[in-house]
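What you see below is based on every heavy atom in this structure, not just the backbone, and it leaves out hydrogens, waters and symmetry mates.
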Amino acid sequence: MKNQLKQYLFFIPTTALILSCSDAGKKYEEVEEAKTCSMIFIDKSVSVNINKKFINEKYTKVINQLIDENIKAKGDKIEVYFVHENTGQGKAAEVVCRTEKGDLVGASSTDSEAIKTEYGMSLGKERSIFKKIVFAQLASQNTSSSKNSTDLLATLPLIDKEIAKDYNVKVYFLSDMVESMDAPNRRDFHTNPPIDDAAAVGWAREDAVGLKSNLPNIGLAQIFIAKPFEPTASRKKNNPAISAYWQRLFMELGVSSEIVEL
């Protein structure tokens, strides 16, 4: 498998990984429907410890499921970003599906079945490789000082940019969603969290005013949030007001679909 991975990977200046799987060498038909871009934002700040059994198992399950559900045809892709002080420059990997479905026009029932089987097997292999790459990013450790801050708002223009490329964008936050930036006009939920839903909603409305004009497309995003908290976590640890902040912020920015907490 190591040799197989090597043939698909090459580095680019941003240190992102680009994965491209080879074509099967047959005649294929083009799929006109919009391709899916799954954006995975993995929290690499000190507040999320991926080595904890519950967190690792939860995030592994989320990654397995999203790859199986979203990688369906040529052009579907996954982008992985690290969330920390420099989230905007935190792109870690990008993988693109190259498996194409064979042309079934004029094929006999036997040939059609063979083409479908081959397609399914090829797609399964790509998904398996994608998972190995994303899991490697999940397991990587952030040893730099960037881990001391969490810039979640920096994910928003990244999301908007992918939607502008006509992708069906699904966003997965693997994070506690604790924005923590020590800078003027920024939120630091570690030192000053919202005390209740009313405060959270007020802050979200306020923040949205300054963000809206630069995010004309973000309303089309589908947002999924997977927090690293066990069901028994206290309200102090898993502050529901922080969830209220993000729910309201996305609503104020025009996101029409439900914000799903996984």
Novice: Return the set of residues passing salt bridge (Lys or Arg N to Asp or Glu O under 4.0 Å) with D68 (not counting sequence neighbours), or none when no residue passes.
Specialist: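 Here the qualifying residues are K131.
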Novice: Counting only heavy atoms not in K58, do more than 12 fall under 6.0 Å of its NZ?
Specialist: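 Counting neighbours around NZ of K58, more than 12 heavy atoms of other residues, nucleotides or ligands fall under 6.0 Å, so yes.
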Novice: Are S175 and D43 linked by a side-chain donor-acceptor pair shorter than 3.5 Å?
Specialist: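 Yes, a side-chain donor-acceptor pair sits under 3.5 Å.
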Novice: Which heavy atom of E126 sits nearest a heavy atom of V96, and at what distance?
Specialist: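 Heavy atoms only, the tightest pair is OE2-O, 3.9 Å.
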Novice: Would you name the heavy atoms of Q137 and A92 that are closest together and state the gap between them?
Specialist: OE1-CB, 3.5 Å
Novice: Can you spot which of I225, L174, I159 makes a side-chain contact (heavy atoms from CB on, under 4.5 Å) with F41?
Specialist: I159
Novice: Classify the angle between the aromatic ring planes of F82 and H84 as parallel (below 30°), tilted (30 to 60°) or perpendicular (above 60°).
Specialist: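 Answer is perpendicular, since the angle exceeds 60°.
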Novice: Nearest heavy-atom pair of Q141 and I50: which atoms, and what distance?
Specialist: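 Where Q141 meets I50 most closely, the heavy atoms are NE2-CG2, 3.9 Å.
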Novice: Any salt bridge between E79 and K91, counting N to O under 4.0 Å?
Specialist: yes
Novice: The criterion is salt bridge (Lys or Arg N to Asp or Glu O under 4.0 Å); which residues satisfy it with E69, sequence neighbours excluded?
Specialist: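 Per chain and number, E69 pairs via salt bridge (Lys or Arg N to Asp or Glu O under 4.0 Å) with no residue.
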Novice: If the condition is salt bridge (Lys or Arg N to Asp or Glu O under 4.0 Å), which residues does D160 pass it with, not counting sequence neighbours?
Specialist: none
Novice: Taking salt bridge (Lys or Arg N to Asp or Glu O under 4.0 Å) as the definition, give me every residue that meets it alongside R205, ordered by chain and number, with sequence neighbours left out.
Specialist: E252
Novice: Do side-chain atoms of Y245 reach the backbone of P193 as a donor and acceptor pair under 3.5 angstrom?
Specialist: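 Checked: no pair found.
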Novice: State plainly whether the residues D151 and R186 are in salt-bridge range, i.e. N to O under 4.0 Å.
Specialist: yes
Novice: Charged N to carboxylate O below 4.0 Å: is that the case for K52 and E230?
Specialist: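 E230 and K52: not salt-bridged.
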Novice: Which heavy atom of I55 sits nearest to which heavy atom of N49, and what is that distance?
Specialist: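 What the structure gives for the nearest pair is CD1-O, 3.2 Å.
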Novice: For residues 253-262, which side-chain N or O atoms pair as donor and acceptor with protein atoms under 3.5 Å away, sequence neighbours left out?
Specialist:
from	atom 1	to	atom 2	distance (Å)
S257	OG	A221	O	3.3
E261	OE2	S243	OG	3.0

Novice: Quick one: does S140's side chain get under 4.5 Å of K44's, heavy atoms only?
Specialist: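 A side-chain contact under 4.5 Å exists here.
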Novice: Quick one: are F189 and L152 in side-chain contact, heavy atoms under 4.5 Å?
Specialist: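 Result no, sub-4.5 Å side-chain heavy-atom pair not found.
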Novice: So with a 6.0 Å cut-off around NZ of K165, is the heavy-atom count from everything else above 12?
Specialist: yes
Novice: For A226 versus Y59, what's the shortest heavy-atom pair and its separation?
Specialist: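 In terms of heavy atoms, the two residues are closest at O-OH, 2.7 Å.
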Novice: Distance-only check: which donor-acceptor pairs under 3.5 Å involve side-chain atoms of residues 232-239, not counting sequence neighbours?
Specialist:
from	atom 1	to	atom 2	distance (Å)
S234	OG	K237	N	3.2
N239	OD1	A241	N	2.9
N239	ND2	P194	O	3.2

